[in-house]
Trainee: 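Before I ask anything, here is the structure I am working with.
First listed ligand is number 1; within each ligand, the first listed atom is number 1.
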Amino acid sequence: MAYYKGLDGVSEEDLDPYFGIAKLDEQLKGIPPKKVVLISASPSVGNEVFGYQIIHKNITSGVKVLVFLNRTSPQSYLTDMKEYDFPPNDNLVIIDAYSGITGIKSEETDHIRVINNPYDKEEVKTKIIKELNEGYGLLVIDSFSLLADFFDFSFAISFMNDIKQVIVAKESAAVLLFTDWGYEKQNVDKLLSNVNSTIEIKGIEKRVIFGQYFAVLKCDWLEEKPTFSSVLFKAIKPGGIRVYFPKILVTGPTDAGKSSFIHSASKNAVSVDKLGGTIALDHGTVDFEGYRADLFGTPGQERFDPLLKMLGGEAIGVFLVVDSTKPEQFPRAVEMLRKTETYGLPVVVIANKADLKGALKKEELREKLHLDSAITLVQTVAEDLSKVDPNEPTKLKEVNIHEALSALFKQLT
Ligand SMILES: Nc1nc2c(ncn2[C@@H]2O[C@H](COP(=O)(O)OP(=O)(O)OP(=O)(O)O)[C@@H](O)[C@H]2O)c(=O)[nH]1
Ligand SMILES: [Mg+2]
């Protein structure tokens with residue numbers, strides 16, 4: 001019997017992905033039963049939040065999760081998880097292999113199993129296997145590198161293979177959190193060849209780490225390689241792992257609704273405005289379906305054109321906002337792509353003010369904008385027309401905003 005909810009008696013459509021992390025879920029389609037996934041981090045970056053997020057995703061979708069914990073105490077582990085807004089529930093059981101090392105006495109509860117002597121290989125192995133035989137959907141080992149340090153690498157691998165037999169027999173799955181502290185290459189290679197999938201986490205380093213990314217190094221249940229090579233992310237408290245786009249430009253002619261779009265898409269937007277028009281820029285942070293993006297909005301008035309090139313620098317995608325009632329401004333919209341030097345980047349066109357009399361229809365808009373069929377155009381409308389204020393950005397309908405965000409985000413990795 002499969003212990004994975006979703007793979008057992010729940011239709012394909014209801015099947016929840018099991019990383020809880022955008023891009024990994026889209027492309028790896030979760031972790032199938034009998035598979036072991038290695039989350040391998042370089043020493044400069046942490047992988048623990050990946051563990052928290054995977055646990056959270058699974059326990060909230062009804063999957064029983066067993067965590068083998070030797071990195072810290074269960075209490076501080078749970079406190080750390082709560083800071084990411086991942087509270088525990090009845091589906092979580094932790095095997096405490098930490099307290100015994102520190103001499104702190106730990107007591108068994110409904111959610112904690114205790115290993116009295118974590119130095120005793122046999123006790124460690126027997127305890128995990130006994131517990132797994134009770135039936136879990138997922139085992140998380142945090143951390144596998146500490147296990148290798150504690151005993152030795154070969155033991156850790158043989159231990160993993162013994163565990164894997166139970167995982168296969170019980171049709172559950174396992175995630176190993178591993179930090180490569182500079183182990184011998186042949187040991188690491190052996191580990192990699194013994195797991196079904198490896199997700200690698202690395203930092204972009206230039207004296208300081210200014211970004212982190214993950215990549216799928218291996219995945220034996222996919223017929224084709226994932227379409228992305230590496231994905232920038234941020235670990236956000238609360239919230240967890242978010243695929244991260246540091247700069248998306250929002251540009252387009254005067255008054256089209258750029259500031260309105262940014263304020264509607266983000267919780268904390270700020271604008272440098274005067275008399276309702278943007279005179280410097282807008283900025284807002286968007287959190288949406290496992291993604292985070294920083295949006296930068298340009299002014300539309302031509303007198304601010306000297307700013308455009310600077311604002312467009314290093315953008316990786318663009319929302320081009322136009323007023324659906326003003327086709328005479330469309331050449332200006334294209335000119336703004338050129339002036340921001342973002343022409344050719346992934347773009348989604350926002351045809352705003354679709355509520356106004358005289359708003360062009362979708363096909364007319366595409367034709368007049370000379371849009372290639374591959375480019376997505378989303379029509380947007382003010383949420384509440386009675387609240388449209390000539391001096392303020394307007395709230396646009398959430399469903400329109402979501403359509404636009406998902407169309408661009410899908411293209412960006
Ligand atoms: N009727 C209607 N009015 C809208 C809509 N979206 C925005 N507006 C109004 O249009 C005006 C301009 O909106 P902004 O978001 O400031 O436009 P902008 O593109 O940032 O303008 P600049 O920064 O000056 O280039 C404001 O008065 C908004 O209230 C909409 O969908 N329908
Ligand atoms: Mg504006």
Trainee: Any N/O/S atom of Ser260 sitting less than 2.8 Å from the Mg ion (ligand 2), backbone or side chain?
Mentor: no

Trainee: Show me which atoms of ligand 1 lie under 4.0 Å from any heavy atom of Thr254.
Mentor: 25 (O)

Trainee: Using a distance threshold of 2.8 Å, state whether an N, O or S atom of Ser259 lies below it from the Mg ion (ligand 2).
Mentor: yes

Trainee: Can you list the ligand 1 atoms lying under 4.0 Å from a non-hydrogen atom of Gly276?
Mentor: 16 (O)

Trainee: I'd like to check whether Lys258 has a polar contact with ligand 1, where a contact means an N/O of the residue lying under 3.5 Å from an N/O of the ligand.
Mentor: yes

Trainee: Give yes if a backbone or side-chain nitrogen or oxygen of Ala256 is under 3.5 Å from a nitrogen or oxygen of ligand 1, and no if not.
Mentor: yes

Trainee: Where's the contact between Leu356 and ligand 1, heavy-atom distance under 4.0 Å: side chain, backbone, both or neither?
Mentor: side chain

Trainee: Looking at NZ of Lys35 and NZ of Lys164, how far apart are the two atoms once the value is rounded to the nearest 0.5 Å?
Mentor: 7.5 Å

Trainee: State the atoms of ligand 1, each with its element, that fall below the 4.0 Å cut-off from a heavy-atom position in Val388.
Mentor: 3 (N), 29 (O)

Trainee: Looking only at protein heavy atoms, identify the closest one to atom 6 (N) of ligand 1 and say how far it is in Å.
Mentor: Asn352 ND2, 2.9 Å

Trainee: Number the atoms of ligand 1 from 1 as they appear, then name those within less than 4.0 Å of a heavy atom of Thr278, with their elements.
Mentor: 20 (O), 22 (P), 23 (O), 24 (O)

Trainee: Is the shortest distance from a Lys or Arg side-chain nitrogen in Asp305 or Arg332 to a carboxylate oxygen in the other one below 4.0 Å?
Mentor: yes

Trainee: If you measure every N or O of Leu385 against every N or O of ligand 1, does any of those distances drop under 3.5 Å?
Mentor: no

Trainee: Please work out which of the three classes, parallel, tilted or perpendicular, describes the rings of Phe153 and Phe178, given edges at 30° and 60°.
Mentor: perpendicular

Trainee: Can you confirm whether Gln301 sits close enough to Asp255 that some side-chain heavy atom of one is under 4.5 Å from a side-chain heavy atom of the other?
Mentor: no

Trainee: Considering only heavy atoms, does Leu396 approach ligand 1 within less than 4.0 Å through its side chain, its backbone, both, or neither?
Mentor: side chain

Trainee: Tell me whether the count of non-hydrogen atoms from other residues, nucleotides or ligands lying under 6.0 Å of CD in Glu108 goes above 12.
Mentor: yes

Trainee: Answer yes or no: is there an ion pair linking Glu335 with Arg338, defined by an N-O contact shorter than 4.0 Å?
Mentor: no

Trainee: Give a yes or no on this: more than 12 heavy atoms of other residues, nucleotides or ligands lie within 6.0 Å of atom CD of Glu328.
Mentor: yes

Trainee: Please work out whether any backbone atom (N, CA, C, O) or any side-chain heavy atom from C-beta onward of Asp355 is under 4.0 Å from ligand 1, and answer side chain, backbone, both or neither.
Mentor: side chain

Trainee: A cation-pi test, strictly: NZ or CZ of Lys64 under 6.0 Å from the centre of the six-membered ring of Tyr136 and no more than 45 degrees from its axis. Yes or no?
Mentor: yes

Trainee: Could you check Tyr52 against Tyr77 for ring-ring contact (aromatic ring centres under 6.0 Å, His included), going step by step and ending with a plain yes or no?
Mentor: CA-CA 9 Å; Tyr52 300 157; Tyr77 194 75; 5.2 Å; yes

Trainee: If I apply the N/O under 3.5 Å rule, does Ser260 come out as touching ligand 1?
Mentor: yes

Trainee: Anything under 30° is parallel, anything over 60° is perpendicular, the rest tilted; go ahead and classify His402 against Phe288.
Mentor: tilted

Trainee: Considering distance alone, does some N or O of Pro393 sit under 3.5 Å from an N or O of ligand 1?
Mentor: no

Trainee: Give the numbers and elements of all ligand 1 atoms closer than 4.0 Å to a heavy atom of Gly277.
Mentor: 24 (O)

Trainee: For ligand 1, which atoms sit closer than 4.0 Å to a heavy atom of Pro390?
Mentor: 27 (O)

Trainee: At what distance is the nearest protein heavy atom to atom 10 (O) of ligand 1, and which residue and atom is it?
Mentor: Lys353 NZ, 3.0 Å

Trainee: Suppose we measure from atom 31 (O) of ligand 1 to each protein heavy atom; which comes out shortest, and what is that distance?
Mentor: Ala382 N, 2.9 Å

Trainee: Considering only the protein, which heavy-atom contact is closest to atom 21 (O) of ligand 1, and what is its distance?
Mentor: Asp255 N, 3.1 Å

Trainee: Of the protein's non-hydrogen atoms, which lies at the shortest distance from atom 27 (O) of ligand 1, and what is that distance?
Mentor: Asp389 O, 3.0 Å

Trainee: Could you check whether the rings of Phe68 and Phe159 sit parallel, tilted or perpendicular, using 30° and 60° as the cut-offs?
Mentor: tilted

Trainee: Closer than 4.0 angstrom, basic N to acidic O: yes or no for Glu83 and Lys237?
Mentor: yes

Trainee: May I ask you to say whether Arg366 pairs ionically with Glu363, meaning some side-chain N is under 4.0 Å from a carboxylate O?
Mentor: no

Trainee: Pull out every atom of ligand 1 sitting under 4.0 Å from any heavy atom of Val381, numbered as shown with elements.
Mentor: 31 (O)

Trainee: Write out the residue and atom name of the closest protein heavy atom to atom 28 (C) of ligand 1, then the distance separating them to 0.1 Å.
Mentor: Thr394 OG1, 3.2 Å

Trainee: Between Arg292 and Asp287, does at least one N-O distance fall below 4.0 Å, as a salt bridge requires?
Mentor: yes

Trainee: Only heavy atoms of Glu392, strictly under 4.0 Å: list the atoms of ligand 1 that pass.
Mentor: 26 (C), 28 (C), 29 (O)

